[in-house]
There are 2 protein chains.
Amino acid sequence: MEDEVDRLLEAWRRERPDLDVSPMEVLSRVSRLARHLDRARSQAFETHGLESWEFDVLAALRRAGSPYQLSPGKLLKETLVTSGTMTNRVDRLTARGLVERLPDPADRRGVLVQLTDAGRDAVDAAMADLLAHERALLGSISARDQTRIAQILRELVRPFDLEKH
Amino acid sequence: MEDEVDRLLEAWRRERPDLDVSPMEVLSRVSRLARHLDRARSQAFETHGLESWEFDVLAALRRAGSPYQLSPGKLLKETLVTSGTMTNRVDRLTARGLVERLPDPADRRGVLVQLTDAGRDAVDAAMADLLAHERALLGSISARDQTRIAQILRELVRPFDLEKH
DNA sequence: ACTATTTATCTTGATGTCGAGATATATTAG
DNA sequence: CTAATATATCTCGACATCAAGATAAATAGT
């Protein structure tokens, strides 16, 4: 069964028969699937009145476990955004009452961002919904193939994880 | 071998043992790999003085084949951006001398965006470089596994391609 | 031929992100 | 103890994108 990437590669092979475009069989599909997943995620969160970027921050705090506190610095490492972006995100989440800023008792430069009860409820509901959608999407893939692809993806991501530290 | 997603899922399983987070074994890795690929792409293009968004537009024109013309409408379908974005992109690519706008002889509302020689040279060089990088990244994956993963990704993308038409 | 609808492109205002730099506090070296 | 450096966060301006709406031309219905 043909897909968009097949059409893309067919065009490249016609125009640049000298190039081996086969890497794109895998990597273009990864990029395109990720774009679709982003959109699907946004839709799933819409039901819960959350934007994707809001979920990313709240989820990082939720994962940290009680008392659901992380510094902005930790948060930006978890969510892979810059400090200016995180300041802005925390501002807006604070305005919505989903998190609050507390002074860090151990470092007067520092701040702790803490999930409010409303923030915790919101992220818990959104997470359950997200997983339901993702499970449905993966329904057509056998458990064996899911394990296989997860393993291959892990190998592909490894070089990037390494270069960070 | 552990990766970032393993740590992520471990945290979720600790905090929400009631949830089945296994879909993220696959889908979180897809999203994260895509993010890494984006960054790597940007770096590869930097050598050739191109931004990613510039490459996307030039590559669509290149794939179209001689005389390397597409309407803005076609371009935005190929690159999945909105019309306002495409107007802006074509403006800036025109300013850089990589494309030019021509009136569409068949439709007075229409415009044809055409690759200049400089634009063609730039995209050809960038494409070769991109593929070299991608080939290196896939080096650790056997040809058999590459075929497998491409096939599985094709199935995962299909529902999204379908919903468009 | 005339009107309504559709299509193609561009314009504009709002938004989220980044990058560079500012400020304040903490840590290290001598 | 002081000076230099590092760290944590925030501020600000630039930028790419989107969504909604404007404009103009083509097409369909009567």
Side-chain angles (χ1 to χ4, degrees), chain A residues 31 34-36 38-39 41-43 45-46 49-58 60-61 64 69-96 98-114 165, chain B residues 31 34-36 38-39 41-43 45-46 49-58 60-61 64 69-96 98-114 165:
Chain A
S31 294
R35 213 172 341 186
H36 290 308
D38 270 351
R39 248 199 42 203
R41 250 166 58 106
S42 298
Q43 284 179 345
F45 294 154
E46 209 170 333
L50 286 180
E51 306 283 334
S52 281
W53 63 261
E54 293 179 308
F55 179 84
D56 288 341
V57 177
L58 300 179
L61 292 168
Q69 292 178 339
L70 287 174
S71 68
K74 285 263 170 64
L75 276 173
L76 60 91
K77 270 176 205 124
E78 287 284 326
T79 57
L80 306 175
V81 299
T82 62
S83 65
T85 298
M86 190 51 68
T87 298
N88 186 19
R89 287 183 174 189
V90 173
D91 283 350
R92 284 174 287 158
L93 286 167
T94 301
R96 287 201 53 190
L98 300 176
V99 307
E100 48 193 349
R101 272 195 182 88
L102 307 172
D104 182 343
D107 185 338
R108 273 193 295 180
R109 296 167 303 180
V111 167
L112 291 175
V113 181
Q114 180 173 42
H165 256 157
Chain B
S31 294
R35 214 173 340 187
H36 289 308
D38 270 351
R39 249 199 40 206
R41 251 166 56 107
S42 298
Q43 283 178 347
F45 295 153
E46 210 170 333
L50 286 180
E51 305 282 335
S52 281
W53 62 263
E54 294 180 307
F55 177 85
D56 288 341
V57 177
L58 300 179
L61 292 168
Q69 292 177 340
L70 287 174
S71 67
K74 286 263 169 65
L75 277 173
L76 62 90
K77 271 174 203 124
E78 287 285 324
T79 57
L80 305 176
V81 298
T82 63
S83 64
T85 299
M86 189 51 66
T87 298
N88 187 20
R89 286 184 175 188
V90 173
D91 284 350
R92 284 174 287 157
L93 286 167
T94 301
R96 286 201 55 190
L98 300 175
V99 305
E100 48 193 349
R101 272 197 182 88
L102 307 173
D104 182 342
D107 185 337
R108 274 191 294 179
R109 294 168 304 179
V111 168
L112 290 175
V113 181
Q114 181 173 41
H165 258 157

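For the numbers below, each heavy atom of this structure counts, side chains included, while hydrogens, waters and symmetry mates do not.
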Using the salt bridge (Lys or Arg N to Asp or Glu O under 4.0 Å) criterion, which residues pair with R96(A)? Sequence neighbours excluded. E54(A)
With D38(B) via salt bridge (Lys or Arg N to Asp or Glu O under 4.0 Å) - residues at least two apart: none
Using the rule side chain to side chain contact (heavy atoms under 4.5 Å, CB included), only one of L58(A), L112(A), L70(A) pairs with V99(A); which is it?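 Output: one option passes, namely L58(A).
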Measure across D56(B) and R89(B) and return the closest heavy-atom pair with its distance rounded to 0.1 Å.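 Between these two residues, the closest heavy atoms are CB-NH1, 4.3 Å.
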Taking every heavy atom of T79(A) against every heavy atom of R35(B), the minimum-distance pair comes out as O-NH1, 3.8 Å
For [X], check side-chain hydrogen bond (donor to acceptor under 3.5 Å, both in side chains) against everything at least two apart and list the hits.
X: T85(A); value: T82(A)
X: S42(B); value: S52(B)
X: S83(A); value: none

Consecutive-pair stems (at least three Watson-Crick or G-U pairs, under 3.5 Å) that include DNA chain D: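 Only these stems qualify: C:1-30 with D:1-30.
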Pairs in or reaching into residues 98-107 of chain A: which pass salt bridge (Lys or Arg N to Asp or Glu O under 4.0 Å), with residues at least two apart or in two chains?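 Qualifying pairs, neighbours excluded: D91(A)-R101(A), D107(A)-R109(A).
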Sequence neighbours left out, what pairs pass salt bridge (Lys or Arg N to Asp or Glu O under 4.0 Å) with at least one residue falling in residues 69-79 of chain B? R63(B)-E78(B)
For DNA chain D, find the residues of residues 85-94 of chain B with a heavy-atom distance under 4.0 Å and give them by number; none if there aren't any.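 Heavy-atom cutoff 4.0 Å gives T85(B), N88(B), R89(B), R92(B).
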Under a 4.5 Å cut-off applied to non-hydrogen side-chain atoms, are [X] and [Y] in contact?
X: V111(B); Y: V90(B); result: no
X: R92(B); Y: L98(B); result: no
X: L80(B); Y: H36(A); result: no
X: L93(A); Y: V113(A); result: no
X: V81(B); Y: L75(B); result: no

For DNA chain C, which residues of residues 99-109 of chain A approach it to below 4.0 angstrom with any heavy atom?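 Heavy-atom contacts with DNA chain C come from D107(A), R108(A), R109(A).
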Nucleotide interval of DNA chain D bounded by contacts with chain B (heavy-atom cut-off, under 4.0 Å): dA16(D) to dA26(D)
Classify G73(B) by what it touches in the nucleic acid, base, sugar-phosphate, or nothing, heavy-atom distance under 4.0 Å.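 Contact class for G73(B): sugar-phosphate only.
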Considering only heavy atoms of chain A and a distance under 4.0 Å, specify the first and last nucleotide of DNA chain C in 5' to 3' order that meet this criterion. dG16(C) to dA26(C)
